[in-house]
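Heavy atoms only: backbone and side chains are in, while hydrogens, waters and symmetry mates are out.
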Amino acid sequence: MHREPLIVDTDAGVDDALALMLALAHPGARVTAVTTVGGNVPLERVIPNVFEVLHAMGAEGVPVFPGSAGPLLPGEREHATGFHGADGLGDYAPRRARVRPEAEPAAQALVRLARRQPGELTLVALGPLTNLALALRLEPELPRLLRRLVVMGGAHAAHGNTPHWAAEFNFYYDPEAAQIVVQAFEELTLVTWETTLAHPLGWDEHEALASLGTPRARFYDAITRRTRAFLEGRGAPGLLVPDPLAMAAALEPGLVTAEARHRGWVETCGTHTRGQLVLDHGRSGEPPNVRVVTAMNAAGVRALFERTLRG
């Protein structure tokens, strides 16, 4: 069976960890590299989190490349430790992984790997797009060298989750990088914050997954407890899984049941709108370059989780 080569670019919070687990377990995918970026938590916490996931999945051989510690432009940013815990992995205590990142920076690794396998690699970007923006400066042809780009990012109805009210976290954290990436690609897939809100794992479903009894399920249960408490305290109907939804769209495109095509930009100014995803609804005359995923097969996504955790 052909296994599609994937690169996962991540800021390694809890939902990133779950997404990486889905990719590592999928029979149709082969994770060839993980690139890391600061975002949910600082980079020095992101890298150990990635190795902990690789250890839990028996995939220690996957190379991990350290990326940008901060956004392209300096400025105050808030990490998402409330959602992910202080360490980004739900305050996961029994650390067992050996942390041995590669020496090559993430942006250089992205370019090298894409040049080595032109037209073959899918890049799944789960954090701020800083590494990808830097890689585009090194290799402007990168969009032609990649097979697909799937991004968790943006808020297509301006229902943001950050101090910039209309912006989703990944785009908020580095708006300049998001704008560079969105403008560089003739086609990319976005799984947005509103799509995340519309597709939670219900608490009964979450409990069933956490109770499967396998080592993977116990790891899943341990790293999601902090996030569950955070979300239940705010009345959420279930576990929000933005990055796993993006990974599911990359691994099994048939799970996408509705999408909209637009020309897209990312706002880099504005007190409340810096980082906002701006979509053209037919006025610019420019061709669409963004596929916004608006609905997914929730039962299919849950089945993907179950297959992963049963191991």
Taking atom CD of Glu44 as the centre, report whether more than 12 heavy atoms of other residues, nucleotides or ligands fall under 6.0 Å from it.
yes
Search all heavy atoms of [X] against all heavy atoms of [Y] and return the closest pair with its distance.
| X | Y | result |
| --- | --- | --- |
| Ala166 | Gln276 | CB-OE1, 3.4 Å |
| Leu134 | Ala107 | CB-CB, 3.8 Å |
| Ala19 | Leu126 | CB-CD1, 3.8 Å |
| Ala86 | Val41 | O-CG1, 4.0 Å |
| Pro175 | Val266 | O-CG1, 3.8 Å |
| Val53 | Met21 | CG1-CG, 3.8 Å |

Determine whether [X] and [Y] fall in the same hydrophobic cluster, where Ile, Leu, Val, Met, Phe, Trp and Tyr are linked whenever their side-chain heavy atoms lie under 4.5 Å apart.
| X | Y | result |
| --- | --- | --- |
| Val8 | Phe185 | no |
| Val64 | Leu121 | no |
| Leu123 | Val292 | yes |
| Phe305 | Ile223 | yes |
| Ile47 | Leu20 | yes |

Any sub-3.5 Å donor-acceptor pair from [X]'s side-chain atoms to [Y]'s backbone N or O?
| X | Y | answer |
| --- | --- | --- |
| Arg216 | Thr308 | yes |
| Glu52 | Arg96 | yes |
| Arg218 | Leu212 | no |
| Thr32 | Leu6 | yes |
| Gln183 | Gly264 | yes |
| His262 | Asn289 | no |
| Asn161 | Phe169 | yes |
| Glu141 | Arg144 | no |
| Thr294 | Ala258 | yes |
| Thr224 | Thr227 | no |

Within this structure, what is the [atom1]-[atom2] distance for the pair [X] and [Y], rounded to the nearest 0.5 Å?
| X | Y | atom1 | atom2 | result |
| --- | --- | --- | --- | --- |
| Leu149 | Leu188 | CG | CG | 5.0 Å |
| Asp87 | Thr81 | CG | OG1 | 10.0 Å |
| His79 | Arg77 | NE2 | CZ | 10.0 Å |
| Leu239 | Asp15 | CG | CG | 8.5 Å |
| His281 | Leu279 | NE2 | CG | 5.5 Å |
| Arg137 | Leu142 | CZ | CG | 12.0 Å |

Under 3.5 Å, is there a donor on one side chain and an acceptor on the other for [X] and [Y]?
| X | Y | value |
| --- | --- | --- |
| Ser68 | Asn131 | no |
| Arg95 | Asn49 | yes |
| Asn40 | His84 | yes |
| Thr195 | Thr192 | yes |
| Glu176 | Thr268 | no |

Salt bridge (charged side-chain N to carboxylate O under 4.0 Å, His left out) between Arg228 and Glu207: does it pass, once the steps are laid out?
CA-CA 10 Å; Arg228 174 173 184 166; Glu207 200 60 49; 2.5 Å; yes
Show your working on side-chain contact (heavy atoms from CB on, under 4.5 Å) between Glu120 and Arg147 and close with a plain yes or no.
CA-CA 5 Å; Glu120 297 181 23; Arg147 179 170 178 258; 5.7 Å; no
Do [X] and [Y] have side chains that approach each other closer than 4.5 Å (heavy atoms only, starting at C-beta)?
| X | Y | value |
| --- | --- | --- |
| Leu197 | Leu240 | yes |
| Trp165 | Thr273 | no |
| Val301 | Pro244 | no |
| Leu277 | Trp265 | no |
| Leu245 | Met247 | no |
| Leu304 | His26 | yes |
| Leu190 | Val293 | no |
| Ile7 | Val34 | no |

Residues [X] and [Y] bridged, charged N to O under 4.0 Å:
| X | Y | answer |
| --- | --- | --- |
| Glu259 | Arg291 | yes |
| Glu4 | Arg148 | yes |
| Glu252 | Arg307 | yes |
| Arg98 | Glu60 | no |
| Arg234 | Glu232 | no |

Take Val290 and Arg263, measure what side-chain contact (heavy atoms from CB on, under 4.5 Å) needs, and give me the verdict at the end.
CA-CA 6 Å; Val290 174; Arg263 189 73 190 180; over 6 Å; no
Please report the C-alpha distance between Thr196 and Met152 in whole Å, then the side-chain angles of each, then the deciding distance to 0.1 Å, and finally whether the side-chain contact (heavy atoms from CB on, under 4.5 Å) criterion is met.
CA-CA 9 Å; Thr196 298; Met152 191 283 129; 4.0 Å; yes
Could you walk me through whether Leu209 and Glu306 pass the side-chain contact (heavy atoms from CB on, under 4.5 Å) test, one step at a time?
CA-CA 6 Å; Leu209 293 171; Glu306 184 168 355; 4.0 Å; yes
Which residue pairs satisfy the ring-ring contact (aromatic ring centres under 6.0 Å, His included) criterion with at least one member in residues 204-227, sequence neighbours excluded?
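As it turns out, the ring-ring contact (aromatic ring centres under 6.0 Å, His included) pairs with a partner in residues 204-227, which skip direct neighbours, are Tyr92-Phe219, Trp203-His206, His206-Tyr220.
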So, using side chain to side chain donor-acceptor pair (under 3.5 Å) as the criterion, who are the partners of Asp174 when residues are at least two apart?
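Asp174: side chain to side chain donor-acceptor pair (under 3.5 Å) contacts with Thr130.
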Only one of Leu129, Thr189, Val191 forms a side-chain contact (heavy atoms from CB on, under 4.5 Å) with Val151, so which one is it?
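That would be Leu129.
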